[in-house]
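Just so you know, these numbers use all the heavy atoms, side chains as well, and skip hydrogens, waters and symmetry mates. In this chain, numbering begins with 1 at the start of the sequence shown.
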Amino acid sequence: MNIVELEEVYKNYGDLQVLKNINLQIRRGTSTALVGPTGSGKTVLLRLIDLLEKPSSGNIYFEGTNANESNDIRLNIRRQIGMVFQKPLAFKASVYDNIAYGLKVRGRKENMDKKIKEILELIGLPGYENRNALKLSGGETQRLALARAMITDPRLLLLDEPTANLDPISKKKMEELILRINRESETTIIMTTHDLSQGQKLAERMIILCNGQILQSGTPDRIFRKPKNRFVADFVGIENVMSGQIEDSSNGLVKIKTDFITVFALSEKKGKVHFTIRPDEIIVSREKAQTSARNAIQGKIYKIIDTGSFIKLLVDTGELFTVFITRESLNELNISVGIDIWLYFKASAVHVF
């Protein structure tokens, strides 16, 4: 069942259109990352879902109920949502009183001491009840804000750039905490981030936003393997993005010509296209070999980059290819900068868009 649905939502501030025709469904218990460059509309979308603002047009539903029906309905829905802002503020009080605030205003004081102790254990701050909240570190304040949002057992947890201002150690702790909350409490999480690796790590689904529009949504693997357009491909950092013209087509097999090379792919498209080949789908050889791979392209090693976990080859074929190989393969093939090399990849490895 969907916990949140947005239907043809637009948001304007005067003449400035910030969100355009947003249609979105979030399933209960899932984790979703809203990803996009600065100014793409991520935070505004999160504030609309949190019902802090109303859309200029369109509807927002919470478990099937239209949030715009009445102020009482909006208030009831908001009580089921927790929100952690990018730069959360701590109240001038103890850690205990900061966390207890949400329970007190809702009149839910039963077992409050026990709940606060448990959530301090969860966020890795046991024994902090009497600490001055204003004297916590940045990472501790972020976790305090998360505890303050979680203490009321929200059905939906919204996180706006939850690790944007944290050092690497605090960021790692926060990410582990978010994963644990989603896994153990089955709380639905929607977060904004410009960190693609974080979106891959923490979310089952990524939604790519640009200029207030959803360009693509799906699993991280789907987006990284099959981007819908050039912006998505470039934004998520996909290697080997090229452009060409389809010149021949036969039974779904097409020939794409760039200014320098010809590539065979499986596609129903025609005319000018973009295409990508994942670096790990390319096989390298020092000599031309007999292979079932439809594509065989010769190039020259331009650069060798040791990433620690694998070797990245930059190969100049007229088009610049990135290829991933193991250190063992590098030594076995005796590869060095300047040598000629053959690249092989199947037509099915080419994603055309």
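When every heavy atom of Gly41 is checked against every heavy atom of Leu19, the shortest pair comes out as O-CD2, 3.7 Å. In terms of heavy-atom proximity, Pro227 sits nearest to Val232 at CB-CG1, 3.9 Å. Listed here is the closest heavy atom pair of Asn68 and Gly58: ND2-O, 3.7 Å. Of all non-hydrogen atoms in Ile339 and Asn334, the two that sit nearest each other are CD1-O, 4.2 Å. Nearest heavy-atom pair across Gln17 and Tyr10 is NE2-CD2, 3.4 Å. The two residues Ile304 and Ser336 have their closest heavy-atom pair at CD1-CA, 3.7 Å.
Annotation for Tyr302: atom OH does not count as buried by contact number, only 12 or fewer foreign heavy atoms lying within 6.0 Å. Around the NZ atom of Lys20, the shell of radius 6.0 Å holds more than 12 heavy atoms that belong to other residues, nucleotides or ligands. For Glu110, the CD atom counts as loosely surrounded, since its 6.0 Å shell holds 12 or fewer non-hydrogen atoms of other residues, nucleotides or ligands. For Lys104, the NZ atom counts as densely surrounded, since its 6.0 Å shell holds more than 12 non-hydrogen atoms of other residues, nucleotides or ligands. Atom CG of Asn211 has 12 or fewer heavy atoms from other residues, nucleotides or ligands within 6.0 Å. Applying the 6.0 Å contact sphere to CG of Leu75 captures more than 12 heavy atoms from other residues, nucleotides or ligands. The number of heavy-atom neighbours closer than 6.0 Å to CZ of Arg294, taken from other residues, nucleotides and ligands shown, is 12 or below. No more than 12 heavy atoms of other residues, nucleotides or ligands shown are found within 6.0 angstrom of CD1 on Ile283.
Between the Thr192 side chain and the Thr43 main chain, no donor and acceptor come within less than 3.5 Å of each other. Side-chain N or O atoms of Asn240 include one that pairs as donor or acceptor with a backbone N or O of Ile277 at under 3.5 Å. No donor-acceptor distance shorter than 3.5 angstrom exists from the side chain of Asn2 to the backbone of Glu5, with no hydrogens or angles considered. Of the possible polar contacts, none joining the Gln216 side chain to the Asn229 backbone as a donor-acceptor pair under 3.5 Å is found. Side-chain atoms of Arg74 come within 3.5 Å of backbone atoms of Leu51 as a donor-acceptor pair (strictly under, hydrogens ignored). Side chain of Tyr128 to main chain of Leu136: no donor-acceptor pair is present (N/O by atom type, distance under 3.5 Å, no hydrogens or angles). Counting only distance, with no hydrogens or angles, the side chain of Thr317 and the backbone of Ile297 share no donor-acceptor pair below 3.5 Å. A donor-acceptor pair under 3.5 Å is formed between the side chain of Asn295 and the backbone N or O of Phe264. Within the 3.5 Å criterion, the main-chain N or O of Pro37 finds a donor-acceptor partner in the side chain of Lys42. Counting only distance, with no hydrogens or angles, the side chain of Arg28 and the backbone of Ile3 share no donor-acceptor pair below 3.5 Å.
Salt bridge annotation for Asp160-Arg47: absent, with no cationic side-chain nitrogen under 4.0 angstrom from a carboxylate oxygen. Salt bridge absent: Arg106 and Asp153 never bring a charged side-chain N and a carboxylate O closer than 4.0 Å. Electrostatic pairing of Lys172 and Glu176 counts as a salt bridge here, judged by a charged N lying under 4.0 Å from a carboxylate O. In this structure, Asp306 pairs ionically with Arg327, as a charged nitrogen and a carboxylate oxygen lie closer than 4.0 Å. Taking 4.0 Å as the cut-off between side-chain N and carboxylate O, Glu118 and Lys114 count as a salt-bridged pair. Between Glu63 and Arg155 there is a salt bridge, with a side-chain nitrogen of the basic residue lying less than 4.0 Å from a carboxylate oxygen of the acidic one.
Side-chain atoms of Thr38 and His194, non-hydrogen and from C-beta on, never get closer than 4.5 Å to each other. Looking only at side-chain heavy atoms (C-beta outward), Lys312 and Glu239 come within less than 4.5 Å of each other. Between Leu134 and Lys92 the shortest side-chain heavy-atom distance falls below 4.5 Å. Taking 4.5 Å as the limit, some side-chain heavy atom of Val95 sits within range of a side-chain heavy atom of Leu120. Taking 4.5 Å as the limit, some side-chain heavy atom of Leu52 sits within range of a side-chain heavy atom of Arg78. Contact annotation: the side chain of Val236 never approaches that of Val35 to less than 4.5 Å [non-hydrogen atoms, C-beta and beyond]. The shortest side-chain heavy-atom distance between Leu46 and Met83 falls under the 4.5 Å cut-off. Counting heavy atoms from C-beta outward, Pro55 and Ile60 have side chains that approach closer than 4.5 Å.
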Check step by step if side-chain contact (heavy atoms from CB on, under 4.5 Å) holds for Leu24 and Val4.
CA-CA 8 Å; Leu24 181 61; Val4 174; over 6 Å; no
Lys173 and Leu166: side-chain contact (heavy atoms from CB on, under 4.5 Å), yes or no, with the steps?
CA-CA 10 Å; Lys173 288 180 180 178; Leu166 302 183; over 6 Å; no
Taking it one step at a time, do Met150 and Thr187 satisfy side-chain contact (heavy atoms from CB on, under 4.5 Å)?
CA-CA 9 Å; Met150 287 298 299; Thr187 303; 3.9 Å; yes
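Between Gln142 and Ser170, the side chains place no donor N or O within less than 3.5 Å of an acceptor N or O (distance only, hydrogens not considered).
With rounding to the nearest 0.5 Å, the separation of OH in Tyr61 from CD in Glu69 is 8.5 Å. Met1 CE to Gln25 CD: the interatomic distance, rounded to the nearest 0.5 Å, is 13.0 Å. To the nearest 0.5 Å, atom CD of residue Glu184 and atom CG of residue Leu179 are 10.5 Å apart.
With Ser243 as the fixed residue, the side-chain hydrogen bond (donor to acceptor under 3.5 Å, both in side chains) test singles out one of Arg230, Glu319, Lys272: Arg230.
In the hydrophobic clustering of this structure, Leu48 groups with Ile22; members are Ile, Leu, Val, Met, Phe, Trp, Tyr whose side-chain heavy atoms approach within less than 4.5 Å, directly or through other members.
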